[in-house]
Amino acid sequence: MVLDTVLGWFSMDMGIDLGTCTTLVCVRDKGIVLNEPSVVAVRKGTNVVLNNGEAVGLVAREMLGKTPGSISAIRPLKDGVISDFEITEAMLSYFIRKVHGRGGRLLRPRVVIAVPSGITAVERRAVIDSAERAGARKVFLVDEPMAAGIGAGLPITDPTASMIVDIGGGTTEVAIMSLADIATAESIRIGGDDMDEAVINHLKKTYNLLIGEARAEKVKIQIGSASPLDEELTMEIAGRDTISGLPRKIVITSEEIRESLRDPIATIIDAVTATLEKAEPELAADLIDNGIHICGGGSLLRGMDTVLANATGLKVHTVEDPLSCVARGTSVYLENLELWKDTMDHNGYGWE
Ligand SMILES: Nc1ncnc2c1ncn2[C@@H]1O[C@H](COP(=O)(O)OP(=O)(O)OP(=O)(O)O)[C@@H](O)[C@H]1O
Ligand SMILES: [Mg+2]
C-alpha cells in the first residue's frame, strides 16, 4: 500500500520487550529509548488510568503508596502473558505515544514484540490486538529466546547450537537454537516473581512476619543466592507481625533465603536439563564448546551460573547487559524486517 510506504518514511518503528516486570522499547538507529516498569495506576476497581492515561511505568510506580486508598497499581502481565487486556493496551499506547511524540497516533509505527515461545495462539492474538489498538500499524511477534540470542550476539543463524536461558520475572525461557530457528525449547511460568513469593512465604511461616512483594524482591537481590556464598550475608527486614498486627524487625541470613528459593530454582534447573535431554545429539555436542548463555533479571541471582553449570556439566556464561538483550534483539529484527518477515507472526495485510 502506497500510504503505508509513505507513513513508513515518517514513523518510528519500534522493538518492544513486553516483560512481566519491565517493558523496554528500542528504535532503529537509536537503541533503547524507554525502560520502565510494566505497571499502570488506575482508579481502584476501574480500568480508568489516572492522569488521563499517563499514570504508567515509572510514574505509576512513584504514585504507589502516596495515595494508597483510591489508587491501585496493576501489573497487566502475569507469567509473561497478558492477564489484563485493556490495561495492557493502555500501557502500550502510553509507551508508543511517549516514544513517538505527539504524532504517534497519526504516524502509526510498525512494532516488533518479543513474546514467550510457549504462549498459545489465543495469547499471541491478544498481544497483536493490544498493540494494534494501542496505535501500531503492523505488529510482528518474535520468540523471546531468538530475540535474546540475537541481542546477545550469539551465532544463532549458523549451523551450530546456541543455548539461551532467559530467567525473567514471570517466565523462564530455555531454548536451543540453530540456523535461525528454535530446535528445542521449554517455557515455564516460573521466574523471579516466584522467588519473591517464596521469600514472603518463608518469613510468614518461620517468623509470622508479613512483607510485601517489593520488600521481598529487595531481600532476594540483596542477600539471595542459588549456591553457597564465600561470605554469607545478613539483612534486617521490617514487616508486620501476623499475630499482634504490629510492625516488627528481624534479621535474616542468606542461608535461609537460599533454602527458601530452592523450589523455584530447582524447577528452572529441571527445565534446562529437560531441554538438553530433548536436543538432537549433534546440537547437544556443540554445546560442549559453546556452553549455555543466561540472561534476564534472574540470571543476576548470585550463584545461578554455578548451579546451572553443576547440573549440566556445561560452561555457563551470563550475557552482557542481561536485562536488555531481548530488546536489543528486537531492534535487529526491525533492521531486517524484509528479510525475516515470513518467520514472524503478524497481523497480515502486507508488511510495509
Ligand atoms: N540482581 C538481581 N538478583 C536477582 N534477581 C534479580 C536481580 N535483578 C533483577 N532481578 C529479578 O529479575 C526479574 C525481572 O527480570 P526481567 O526484567 O528479565 O523480567 P521481564 O522480562 O520483565 O519478565 P518476563 O520475561 O518473565 O516477562 C525480577 O523478578 C527481578 O526481581
Ligand atoms: Mg523478559
Any side-chain heavy-atom pair from [X] and [Y] closer than 4.5 angstrom?
{"X": "Leu24", "Y": "Val326", "value": "no"}
{"X": "Ile82", "Y": "Val127", "value": "yes"}
{"X": "Val199", "Y": "Ile252", "value": "no"}
{"X": "Arg328", "Y": "Asp321", "value": "yes"}
{"X": "Ile292", "Y": "Leu287", "value": "no"}
{"X": "Val48", "Y": "Val42", "value": "no"}
{"X": "Met177", "Y": "Ile164", "value": "yes"}
{"X": "Pro116", "Y": "Glu144", "value": "yes"}

Measuring from atom [atom1] of [X] to atom [atom2] of [Y], what distance do you get when rounded to the nearest 0.5 angstrom?
{"X": "Leu210", "Y": "Thr242", "atom1": "CG", "atom2": "OG1", "result": "7.0 Å"}
{"X": "Asp166", "Y": "Ser299", "atom1": "CG", "atom2": "OG", "result": "8.0 Å"}
{"X": "His293", "Y": "Lys315", "atom1": "NE2", "atom2": "NZ", "result": "9.5 Å"}
{"X": "Ile176", "Y": "Glu280", "atom1": "CD1", "atom2": "CD", "result": "10.0 Å"}
{"X": "Ile257", "Y": "Leu203", "atom1": "CD1", "atom2": "CG", "result": "5.5 Å"}
{"X": "Thr172", "Y": "Ile269", "atom1": "OG1", "atom2": "CD1", "result": "11.0 Å"}

Between the side chain of [X] and the main-chain N/O of [Y], is any donor-acceptor distance below 3.5 Å?
{"X": "Ser83", "Y": "Pro76", "result": "yes"}
{"X": "Arg28", "Y": "Leu334", "result": "yes"}
{"X": "Asp13", "Y": "Arg110", "result": "yes"}
{"X": "Asp79", "Y": "Val81", "result": "no"}
{"X": "Ser324", "Y": "Ala327", "result": "no"}

Where do [X] and [Y] come nearest, in terms of heavy atoms and distance?
{"X": "Arg108", "Y": "Gly135", "result": "CB-O, 3.1 Å"}
{"X": "Ser130", "Y": "Phe85", "result": "OG-CE1, 3.6 Å"}
{"X": "Ala147", "Y": "Val142", "result": "CB-CG2, 4.1 Å"}
{"X": "Ser187", "Y": "Glu173", "result": "OG-OE2, 2.8 Å"}
{"X": "Ala60", "Y": "Val39", "result": "CB-O, 3.6 Å"}
{"X": "Ala183", "Y": "Leu283", "result": "CB-CD1, 3.5 Å"}

Would a single hydrophobic cluster contain both [Y] and [X], if residues Ile, Leu, Val, Met, Phe, Trp and Tyr are joined by side-chain heavy-atom contacts under 4.5 Å?
{"X": "Val165", "Y": "Ile182", "answer": "no"}
{"X": "Ile119", "Y": "Val111", "answer": "yes"}
{"X": "Leu58", "Y": "Ile16", "answer": "no"}
{"X": "Leu229", "Y": "Met304", "answer": "yes"}
{"X": "Val27", "Y": "Ile113", "answer": "yes"}

Audit row: Leu301, Ile265, side-chain contact (heavy atoms from CB on, under 4.5 Å) steps and yes/no: CA-CA 10 Å; Leu301 185 75; Ile265 291 172; 3.7 Å; yes
The single option from Asp84, Asp193, Thr88 passing side-chain hydrogen bond (donor to acceptor under 3.5 Å, both in side chains) against Arg75: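 Of the listed options, the one satisfying the test is Asp193.
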Test side-chain hydrogen bond (donor to acceptor under 3.5 Å, both in side chains) applied to Ser38 and Thr22, Thr20, Thr23, the passing residue: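 The side-chain hydrogen bond (donor to acceptor under 3.5 Å, both in side chains) with Ser38 is passed solely by Thr23 among Thr22, Thr20, Thr23.
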Audit row: Leu77, Met91, side-chain contact (heavy atoms from CB on, under 4.5 Å) steps and yes/no: CA-CA 11 Å; Leu77 292 121; Met91 184 173 87; 3.8 Å; yes
For the [atom1] atom on [X], are there more than 12 heavy atoms of other groups (residues, nucleotides or ligands in this structure) within a distance under 6.0 Å?
{"X": "Glu86", "atom1": "CD", "answer": "no"}
{"X": "Lys30", "atom1": "NZ", "answer": "no"}
{"X": "Asn336", "atom1": "CG", "answer": "yes"}
{"X": "Glu320", "atom1": "CD", "answer": "no"}
{"X": "Arg240", "atom1": "CZ", "answer": "no"}

Please table the atom pairs, donor to acceptor, closer than 3.5 Å between any side-chain atom in residues 213-227 and protein atoms at least two apart or in another chain.
from, atom 1, to, atom 2, distance (Å)
Lys220, NZ, Gly192, O, 3.3
Lys220, NZ, Asp196, OD1, 2.9
Ser225, OG, Arg258, NH1, 3.0

Residue pair Ser93, Arg97: steps toward the side-chain contact (heavy atoms from CB on, under 4.5 Å) verdict: CA-CA 6 Å; Ser93 153; Arg97 276 200 314 273; 2.9 Å; yes
Ion pair check, Asp129 and Arg133, cut-off under 4.0 Å: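 Between Arg133 and Asp129 there is no salt bridge, as every charged N stays at least 4.0 Å from the carboxylate O atoms.
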Candidate pair Glu259 and His202, rule side-chain contact (heavy atoms from CB on, under 4.5 Å), full reasoning: CA-CA 9 Å; Glu259 184 57 34; His202 166 70; over 6 Å; no
Tyr94 side chain to Glu36 side chain, donor-acceptor N/O pair below 3.5 angstrom: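 Result is no, nothing qualifies.
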